[in-house]
Amino acid sequence: MEWLTLTMKHAATYRQLRPLYDQYRQSRDKEKFLRGHESEIILFEAAARELKRLNAVPLPAAQRLRAEMDELTARRTALQSEYRKAQQKEREYDTLNQNVRILLERSEDVVLPKESSNELE
């Protein structure tokens, strides 16, 4: 999910700033254009570098990324629910275990009276 989140973030930045970067590359006076839009161009280039680092080139479709993210989120929610149920069972078993130990300790403490015999000694 972390990889998908980063990919979606950088892909959105890339798509948003791509037209501006294309204008920069086609401009006759690149220095003047760069001074006016330096932060956007830096953001675009950083997003492009990160997408390459994440092996997300060519750029994945936003709908596919969103669908995959939704699927992973649903799976995580189901697994978290299952985990909570397992934790609850564990607590129940611990309580039962403690109760059995207490009962066993009490039974060891109680000394059963010896059977008295009818024989005369």
Side-chain angles (χ1 to χ4, degrees):
M1 284 184 72
E2 184 179 327
W3 176 86
L4 264 176
T5 304
L6 284 173
T7 302
M8 289 173 62
K9 175 186 168 199
H10 293 303
T13 302
Y14 183 92
R15 284 188 180 104
Q16 178 185 4
L17 297 175
R18 179 64 193 229
L20 181 73
Y21 190 76
D22 288 341
Q23 288 175 3
Y24 163 68
R25 291 186 60 184
Q26 292 173 358
S27 70
R28 294 190 191 276
D29 189 2
K30 291 188 193 288
E31 288 298 318
K32 181 179 178 185
F33 195 91
L34 181 63
R35 282 191 303 265
H37 301 283
E38 186 173 8
S39 62
E40 292 92 348
I41 292 171
I42 290 172
L43 283 173
F44 173 82
E45 290 172 346
R49 261 193 320 276
E50 284 300 306
L51 287 170
K52 284 180 186 176
R53 186 183 67 80
L54 293 169
N55 293 324
V57 177
L59 200 59
Q63 291 175 340
R64 187 177 57 92
L65 289 175
R66 174 55 53 197
E68 191 174 342
M69 182 64 111
D70 291 343
E71 178 183 324
L72 288 174
T73 302
R75 184 169 178 227
R76 181 183 68 185
T77 303
L79 289 173
Q80 284 176 335
S81 174
E82 186 178 323
Y83 179 68
R84 281 191 213 99
K85 287 177 185 177
Q87 283 181 321
Q88 178 63 30
K89 282 217 180 258
E90 179 187 18
R91 284 192 293 273
E92 289 175 15
Y93 291 143
D94 284 342
T95 303
L96 286 172
N97 188 15
Q98 289 173 0
N99 290 342
V100 168
R101 283 186 182 167
I102 291 170
L103 287 173
L104 289 176
E105 287 173 6
R106 285 185 185 170
S107 67
E108 289 175 359
D109 291 343
V110 174
V111 177
L112 295 175
K114 292 183 179 179
E115 289 184 24
S116 61
S117 62
N118 288 338
E119 295 178 21
L120 292 174
E121 295 180 25

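Owing to the predicted nature of the structure, the values given are computational and were not obtained by experimental measurement. FYI, side chains are in, hydrogens and waters are out, and symmetry mates aren't considered; it's all heavy atoms of this structure.
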Would you say Y21 and L43 make side-chain contact, with heavy atoms under 4.5 Å? no
R75 pairs by side chain to side chain contact (heavy atoms under 4.5 Å, CB included) with which of T77, L79, T73? L79
For a quick test of reading the model, state the closest non-hydrogen atom pair linking T5 to M69 and the distance between them. OG1-CE, 2.9 Å
Distance col, row M8:CE vs T13:OG1, nearest 0.5 angstrom, shows 11.5 Å
If you round to the nearest 0.5 Å, how far is CZ of R106 from CG of L104? 11.5 Å
Is it possible for you to say whether L54 and L72 belong to one hydrophobic cluster, with membership spreading through side-chain heavy-atom contacts below 4.5 Å? yes
Output for pair (H10 NE2, R53 CZ), nearest 0.5 Å, gives 7.0 Å
Return each pair, listed once, that meets salt bridge (charged side-chain N to carboxylate O under 4.0 Å, His left out) where at least one residue sits in residues 81-96; pairs must be two or more places apart or across chains. none
Rounded to the nearest 0.5 Å, how far apart are OG1 of T7 and CD of E68? 9.0 Å
Any chance CD of Q80 has more than 12 other-residue heavy atoms, nucleotides or ligands included, within less than 6.0 Å? yes
Check this for me: K9, atom NZ, are more than 12 non-hydrogen atoms of other residues, nucleotides or ligands nearer than 6.0 Å? no
Atom pair CG/NE2 of L20 and H37 - distance to nearest 0.5 Å: 5.5 Å
Take a 6.0 Å sphere around CZ of R15 and say whether it holds more than 12 heavy atoms from other residues, nucleotides or ligands. yes
Separation between NZ of K32 and CG of L34, rounded to the nearest 0.5 Å: 13.0 Å
Contacts of type side-chain contact (heavy atoms from CB on, under 4.5 Å), residue R18, not counting sequence neighbours: Y14, D22, F44
